[in-house]
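Encoded as C-alpha cells, the structure appears first; notes follow it.
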Amino acid sequence: MKALKQLDPVLEHRVRLAVCVLLAQHEKISFSRFKEQLEVTDGNLGAQLRRLEECGYIGLDRDFVERRPVTWYHLTSDGSRALQRHLEALRQLISAAD
C-alpha cells in the first residue's frame with residue numbers, strides 16, 4: 001500500500017504528531033503550554049520535542065517573561081511539509097478503509 005510508505009516515522013508517535021498539529025495552528029507555543037495541552041511529563045515532552053528538533057521539524061527560541069525563562073517552539077517549513085505529507089497519507093489510509 002503506497003500510503004503506508006508515505007507515513008513519516010517521526011510523526012507516528014502521538015505526542016510528536018500532536019506537537020506539530022498544534023504548531024500548525026499557532027505561530028508558537030511554550031513548553032509549559034504543550035505540557036498542559038498534551039498532559040505528558042516533562043521528561044516525555046522534552047524527549048519528543050528534542051526528536052522533532054533534531055529532525056528539523058521544529059525550532060525554538062528562548063526568552064524571558066516576567067524575569068522567568070520561557071522556551072517557545074515553532075514549526076519549520078520542513079516540519080510543515082512533513083506534517084502535510086503525513087496527514088495526506090493518513091487521509092488516504094482512512095479513505096481506503098471506507
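We count residues from 1, following the sequence as given.
Rounded to the nearest 0.5 angstrom, Leu11 CG and Leu90 CG are separated by 9.0 Å. With values rounded to the nearest 0.5 angstrom, Leu23 atom CG is found 10.0 Å from Tyr73 atom OH. One finds the CG atom of Asp78 at 4.5 Å from the CZ atom of Arg81 (value rounded to the nearest 0.5 Å). Here the CZ-CZ distance, from Arg16 to Arg51, works out to 5.5 Å after rounding to the nearest 0.5 Å. The structure places CD of Gln92 at 10.0 Å from CG of Leu4, a figure rounded to the nearest 0.5 Å. Leu7 contributes atom CG, which lies 5.5 Å from atom CG of Leu93 (distance to the nearest 0.5 angstrom).
A side-chain donor-acceptor contact under 3.5 Å links Thr76 to the backbone of Tyr57.
Val70 and Ile29 fall into different hydrophobic clusters, where Ile, Leu, Val, Met, Phe, Trp and Tyr side chains are chained together by heavy-atom contacts under 4.5 Å. If you chain together hydrophobic residues whose side chains sit under 4.5 Å apart, Trp72 and Val19 never meet in one group.
Smallest separation of non-hydrogen atoms from Ala89 and Gln6: CB-CB, 3.8 Å. The nearest pair of heavy atoms linking Cys20 to Leu83 is O-CD2, 3.5 Å.
Residues satisfying the salt bridge (Lys or Arg N to Asp or Glu O under 4.0 Å) test with Glu88, not counting sequence neighbours, are Arg91.
Looking only at side-chain heavy atoms (C-beta outward), Leu75 and Leu22 stay at 4.5 Å or farther from each other.
Sorted by first then second residue, the salt bridge (Lys or Arg N to Asp or Glu O under 4.0 Å) pairs that include residues 23-41, not counting sequence neighbours, are Arg33-Glu36, Lys35-Asp42.
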